[in-house]
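Here the structure comes first, spelled out in structure tokens, and everything after it is commentary.
Note on naming: letters A, B, ... go to the chains in the order of the sequence lines (proteins, then strands), and numbering restarts at 1 for each one. Predicted model, so just to flag it, every value in this text is computed and none were measured.
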Number of protein chains: 2
Amino acid sequence: MVNDPGAVDATPARAPTIKDVAARAGVGIKTVSRVLNDEPNVRPEMRDRVLEAMASVEYRRNSMASSVRRRDQRTASIGLVVEDLANPFASQLTRVVQDHALRRRYLVLVGSSDGVAEREREIVGEFCSRRVDGLLVVPSGTDQSYLAAERERGTPVVFIDRPGKKITADAVVSENEIGVQQATEHLARHGHTRIGYLGDRQSVHTAERRLAGYRAAMTELDAEPDTGWVRTELTDASAAYRAATGMFQQDDAAPTAVVCGNNLITVGTLHALQALGLRETVAVVGFDDLDLADLLRPALTVITQDIEAIGERSADQLFTRLDNPGEEYARVSVPVRLVPRGSGEIPPPPHGEGE
Amino acid sequence: MVNDPGAVDATPARAPTIKDVAARAGVGIKTVSRVLNDEPNVRPEMRDRVLEAMASVEYRRNSMASSVRRRDQRTASIGLVVEDLANPFASQLTRVVQDHALRRRYLVLVGSSDGVAEREREIVGEFCSRRVDGLLVVPSGTDQSYLAAERERGTPVVFIDRPGKKITADAVVSENEIGVQQATEHLARHGHTRIGYLGDRQSVHTAERRLAGYRAAMTELDAEPDTGWVRTELTDASAAYRAATGMFQQDDAAPTAVVCGNNLITVGTLHALQALGLRETVAVVGFDDLDLADLLRPALTVITQDIEAIGERSADQLFTRLDNPGEEYARVSVPVRLVPRGSGEIPPPPHGEGE
DNA sequence: CGAGCTACTGACAACGTTGTCGACAACGTG
DNA sequence: CACGTTGTCGACAACGTTGTCAGTAGCTCG
């Protein structure tokens, strides 16, 4: 079918190379290369001839070939592995990282692991095969030791959102524990003692820290939580919906306030409260902001992570490590912020408390 | 495997090549290459030796070098240019495209143009310099003719969300006009005749189509809209907030329902209605879904784009064009869907209509 | 005038891979 | 046995670029 004689294919569809440019400008290929890389010792007249030739054939450097040949093999790209790019946290993070990388003329490759360890490895493998200069990873699963091999071969790694397991490396994390602790104390300050917590799988580092924050606050308040007030292992909104429904249907023992461990859980919980007609009765603080949080009634009180800072710090960390590899590994903590909007300031019902 | 923390610098941080693998396996480099590419005519015994050698040095193919040498220069990557990756529409689209690309073992590079034509060109240039096999572009500005050059050199282009200007090419777009027309008719069916419209810049193709849908519906309803009922050129939520505030403060001439041309405008409008205490009085239909739309009260009625379909169709379109370049350019229309949730079903106030 | 510099230029090797081709062995066929 | 065929393998060239180095011209300096 390719041998169709009728096919009009005058253009060989081949991209021009420095050879073409050199021929057209009547110079050697090295001179073209020099102009391309802004190297010194090129007569301005020559430079102009080359630039003109480049423009006339619409030359585009082949950066593949370039980085194969380069001494340092640098590709001016970094890889970012997130859980799910469709999640606002991930996409905003990606955007921030891209902007910071772009400032140094770096490109960012992104992949979604869906929280599956094997996918994470595949994506990392793919990135390394493209010889990214560094990796930013939101780690999943129980073992990131495989990254040590990549690091030894010259690809530094910075973990984001939670530290990698079975490996020491740079990490940029939010102050999860402090955030949830503050949220719980915030509810307590508004009169609550019966405070519940809904969280993700304890195997996820952030979830574990957040629950710890809740526990710390409760202990400090001398309010030993009822076992029915804490539910974990909630992996999505519908699981949270069911858990919240169960929690608030306990007639006598239901909490009067609840902290939600992440935004999916917040959404599920709000739906549950809506269905039970308790939206204006039960106080809610969510972890992670939501787009329309301030349009809800009552508007949603949240603990927000500083995504801007997380992205910036992790990109910076990676670039400094690229520049000087020998340094000690650092763990960077990024503060979180409580944003009161209404739902977290609902007082407990006036009638006497049980327990 | 190697748990020796004392062994430092045995490896000079150089990634192993097929040469290393070949030496270790005691075979020629070509045989390694054959194993790598699953080419036939390799004795199973040889294959095993090579695979073992690869594993023992943790070999990772250098796909840069590979695509430089390959006959077709294919890099197994495509470039996607969106307006802003932090926007849910863009990030969901990216996710869908990535999933579809991954199925064919393609990687997706993403860039945010911020709607700036020059940024778009820069990103496209960067992608082409990395020799992506194809481009998916949400076009900005008034001229995409520069892409013709890339196409002639073998990089096909598919436009998403709106067609490129000053160039004919494949495009995958939503049925914007029909969507807004249906939204307007939906409001009319619920008794409204005084229906307003808030839209983005008319220079944006989708915004232009959407306003056309509104106009078509209004004409069909014999309801010539008051000039105060249509505001365009709203570029962000705060502009929409001001426009909506102005629109609904016209005591006598205010509309009883409004269609919002995109999700930023919807957010601004909802804030304005909230501030004016009209949330439960004025009917609202938004274009594009919002994360918490169903948690609002009244829940938000929207026209949603089928992002899944858009991503899938555009990826498919690009891949078919990669496989057989000669085809006619196609414009694919993806249907939109009206999701009634409450805010679009609010009836007009009972007292007599003006006009 | 020659020696020694500096600025400039291009021929050529090299990067890690894939494409081409020829060598060689094992096989079936006549 | 001669012969072609098939399967297997590696030496080498080539991709588009950058690194090395030698060469040339023009200059200064003694």
| task | Mind running salt bridge (Lys or Arg N to Asp or Glu O under 4.0 Å) on B:D48 and B:R43 for me, showing each step along the way? | result | CA-CA 9 Å; B:D48 291 347; B:R43 274 191 3 246; over 6 Å; no
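- Between chain B and DNA chain C, the heavy-atom contact criterion of under 4.0 Å yields a 5' to 3' nucleotide range of C:dG16 to C:dT20.
- Side-chain contact check for B:S56 and B:R24: at least one donor-acceptor pair (N or O, by modelled atom type) lies under 3.5 Å.
- In the model, A:E308 has no side-chain atom that pairs as donor or acceptor with a side-chain atom of A:Q92 under 3.5 Å.
- There is no side-chain donor-acceptor pair under 3.5 Å between A:Y146 and B:E58.
- Between the side chains of B:D143 and B:S145, at least one donor N or O lies within less than 3.5 Å of an accepting N or O.
- A salt bridge links B:D170 with B:R321: the distance from a Lys NZ or Arg NE/NH1/NH2 to an Asp or Glu carboxylate oxygen falls below 4.0 Å.
- A heavy-atom distance below 4.0 Å to DNA chain C is reached by these residues of residues 28-51 of chain A, ordered by number: A:G28, A:I29, A:K30, A:T31, A:R34, A:N41, A:V42, A:R43, A:M46.
- In this structure, a donor-acceptor pair under 3.5 Å is present between the side chains of B:R70 and B:S66.
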